[in-house]
Amino acid sequence: MKIDVLSLFPEMFTGVLESSILKKASEQKAVSYHVTNFREYADNKHKTVDDYPYGGGAGMVLKPQPIFDAVEALTKEKKPRVILLCPQGEVYSQSKAEELAKEDHLLFICGHYEGYDERIREHLVTDEISIGDYVLTGGELAAMVIIDSVVRLLPGVLGNEQSPIEDSFSKCGLLEHPHYTRPADFRGMKVPEVLTSGHHEKIEEWREKESLLRTYQRRPELLERASLTEKQKKWLEELKKQ
Ligand code: ADE
């Protein structure tokens, strides 16, 4: 996968893309990152990328020219998914991450100003994404969140021990069950007995039930979209009665 980022603050990406799994993924050539300062594409003497809004009002608006030219310069024969980060976009989710992970070229547009000229949205962008109902100072952190969640899904990036199949949301849309490691007794706080029993079927059942309970208690709205087995549906009915 190729990932292009357009940003006025490319230095924000260095620590994130050059650490941990995201770094490993580029070293093993599962992904390549290219962060471009789109100010380089401004065709005016002062390299201005924003201007006052038509009709007046507070704040500046990102001009279409530098962004159109940058996207066109970075686009080869096949058009990439062009993703605009903004609070008005569709709210990001694991299923969107899975969808983006199937692409071979993503291009993120990060604004740091009041707004984008609407023609960028209408004629250049394929997806508008928000990472949540709050306002950031710019799209950079949002792009990094999306890049992180997509790259870890690319084949071979996570080892078997960290398989994304077990993630919250991936496993039939439920939250993950609790995890424990040694010691079995830490300051009198004990690990649930079933986990040390060696009884694999019982452990699996306990995990499934805990996953369902956790989702019911913390994120009940996820249960409406989850694909539950008949057994899970029965447990859920029992939980509701309790
Ligand atoms: N830019 C500003 N706020 C944002 C958000 N919540 N998500 C994505 N991009 C943003």
Would a hydrophobic clustering, with Ile, Leu, Val, Met, Phe, Trp and Tyr connected at side-chain separations under 4.5 Å, put [X] with [Y]?
X	Y	result
L17	M12	yes
W235	W206	no
V71	Y41	no
Y54	Y116	no
L213	Y180	no

Least distance between heavy atoms, [X] atom then [Y] atom:
X	Y	answer
I147	F108	CG1-CE1, 3.7 Å
A30	L154	O-CD1, 3.7 Å
R218	L175	CB-CD1, 4.1 Å
Q232	C172	NE2-SG, 4.5 Å
S130	G89	CB-O, 3.7 Å
P53	A58	CG-O, 4.4 Å

[X] side chain to [Y] backbone, donor-acceptor under 3.5 Å:
X	Y	answer
E210	E176	no
S32	K2	no
Y33	V5	no
S7	F9	yes
K96	V91	no

Once you round to the nearest 0.5 Å, how far does [atom1] of [X] lie from [atom2] of [Y]?
X	Y	atom1	atom2	result
Q242	E237	CD	CD	12.0 Å
R39	H46	CZ	NE2	12.5 Å
I83	L106	CD1	CG	4.5 Å
H199	E204	NE2	CD	12.5 Å
F68	H123	CZ	NE2	6.5 Å
K79	R81	NZ	CZ	10.5 Å

Sequence neighbours excluded - salt bridge (Lys or Arg N to Asp or Glu O under 4.0 Å) pairs with any residue from residues 222-232: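 Pairs touching residues 222-232 that pass the test: E230-K233.
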Pairs meeting criterion salt bridge (Lys or Arg N to Asp or Glu O under 4.0 Å) with involvement of residues 128-148, two or more places apart: R121-E128
Taking the side chain as C-beta and beyond, is there a heavy-atom pair between [X] and [Y] under 4.5 Å?
X	Y	result
E208	L212	no
E98	L153	yes
D117	I67	no
V35	E11	no
M1	V150	yes
L84	I129	no
K63	N44	yes
L6	L74	yes

Sequence-distant partners of S197, side-chain hydrogen bond (donor to acceptor under 3.5 Å, both in side chains), two or more places apart: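 Scan of S197 (side-chain hydrogen bond (donor to acceptor under 3.5 Å, both in side chains), adjacent residues dropped) gives none.
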Test ring pair (Phe, Tyr, Trp, His ring centres under 6.0 Å) applied to H179 - qualifying residues, sequence neighbours left out: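 Ring pair (Phe, Tyr, Trp, His ring centres under 6.0 Å) check on H179 returns H177.
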NZ/K234: more than 12 non-hydrogen atoms of other groups inside 6.0 Å: no
NZ/K202: more than 12 non-hydrogen atoms of other groups inside 6.0 Å: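 For K202, atom NZ is not crowded (no more than 12 foreign heavy atoms under 6.0 Å).
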Intermediate values then yes/no, salt bridge (charged side-chain N to carboxylate O under 4.0 Å, His left out), K209 and E238: CA-CA 11 Å; K209 276 189 175 163; E238 286 165 22; 5.6 Å; no
Verdict with reasoning, D51 to V61, per side-chain contact (heavy atoms from CB on, under 4.5 Å): CA-CA 5 Å; D51 208 337; V61 175; over 6 Å; no
side-chain contact (heavy atoms from CB on, under 4.5 Å) assessment of V151 paired with I3: CA-CA 10 Å; V151 169; I3 297 184; 3.9 Å; yes
Pair K24-V157, side-chain contact (heavy atoms from CB on, under 4.5 Å): steps then yes or no: CA-CA 8 Å; K24 215 179 80 195; V157 168; over 6 Å; no
List the atom pairs, with distances to 0.1 Å, where a side-chain N or O of residues 189-196 and a protein N or O form a donor-acceptor pair under 3.5 Å, not counting sequence neighbours.
residue: T196; atom: OG1; partner: E193; partner atom: O; Å: 2.9

Shared-cluster residues of V135, by chain and number - hydrophobic side chains joined below 4.5 Å: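 The other cluster members (ILVMFWY side chains, heavy atoms under 4.5 Å, direct or chained): none.
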E221 vs R219, salt bridge (charged side-chain N to carboxylate O under 4.0 Å, His left out): CA-CA, chis, key distance, verdict: CA-CA 5 Å; E221 80 282 6; R219 300 289 306 278; 2.7 Å; yes
Candidate pair L228 and L174, rule side-chain contact (heavy atoms from CB on, under 4.5 Å), full reasoning: CA-CA 9 Å; L228 299 181; L174 300 179; 4.0 Å; yes
